[in-house]
**Q** 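Before we start, here is the structure in question, set down as structure tokens.
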Amino acid sequence: TFKNLCNIYLKKKHSKLYIEDITKDFIDGVLLIRLMEAMTLENFLEPFHKHPKNVMQQLENIELAVKYIETRGVRLINIDAQGTSTANLI
């Protein structure tokens, strides 16, 4: 499954991170950013909120992750920070 694939990548770079439920674990954007780091083998250069304290910080993290994905040439359709933060992943 997609979750298992994500966990394989995460384990390579961030051995202590694990996705249990995609609809909950990507909400603050931290695991999504860490997954992007693991998949690209690059460190995330933009500053982000490692421990977001509110919804605004969560949205900022997700927006950074979405922009990071798009700069890699991946075209995202109907995916944005708001939808991801509210677990609208389908």
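Counting begins at 1 with the first residue of the sequence. Note that the structure is a prediction, hence the values are computed from the model and not measured.
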**Q** To the nearest 0.5 angstrom, please state how far the CZ atom of R72 sits from the CD atom of E42.
**A** 4.5 Å

**Q** Show the numbers, then the answer: is there a side-chain contact (heavy atoms from CB on, under 4.5 Å) between N43 and K13?
**A** CA-CA 10 Å; N43 289 324; K13 184 164 175 117; 2.9 Å; yes

**Q** Among N61, I62, L35, whose side-chain contact (heavy atoms from CB on, under 4.5 Å) with F26 holds?
**A** L35

**Q** Could you tell me the separation between the CG atom of L31 and the NE2 atom of H14, rounded to the nearest 0.5 Å?
**A** 9.0 Å

**Q** Check whether I8 and I22 end up in the same hydrophobic cluster, where Ile, Leu, Val, Met, Phe, Trp and Tyr are linked by side-chain heavy atoms less than 4.5 Å apart.
**A** no

**Q** Does this structure show an ion pair linking R34 with E37, if we count only N-O contacts that are shorter than 4.0 Å?
**A** yes

**Q** I need the single residue from L17, I19, T1 that forms a side-chain contact (heavy atoms from CB on, under 4.5 Å) with C6. Which is it?
**A** I19

**Q** Measure the CE-OG1 distance between M36 and T71 for me, rounded to the nearest 0.5 Å.
**A** 11.0 Å

**Q** What's the separation between atom CZ in F48 and atom CG in D28, rounded to the nearest 0.5 Å?
**A** 10.0 Å

**Q** Please determine whether residues L45 and L32 belong to a single hydrophobic cluster, defined as Ile, Leu, Val, Met, Phe, Trp and Tyr linked transitively by side-chain heavy-atom distances below 4.5 Å.
**A** no

**Q** Please tell me whether L5 and I33 are part of a single hydrophobic cluster in this structure, the criterion being side-chain heavy atoms less than 4.5 Å apart.
**A** yes

**Q** Between L64 and Y68, does the side-chain contact (heavy atoms from CB on, under 4.5 Å) criterion hold? Intermediate values first, please.
**A** CA-CA 6 Å; L64 285 171; Y68 184 79; over 6 Å; no

**Q** So, taking the atom named CE in M56 and the one named CD in Q58, what distance separates them when rounded to the nearest 0.5 Å?
**A** 11.5 Å

**Q** Look at the side-chain heavy atoms of Ile, Leu, Val, Met, Phe, Trp and Tyr, link any pair under 4.5 Å apart, and say whether I69 and L41 land in one connected group.
**A** no

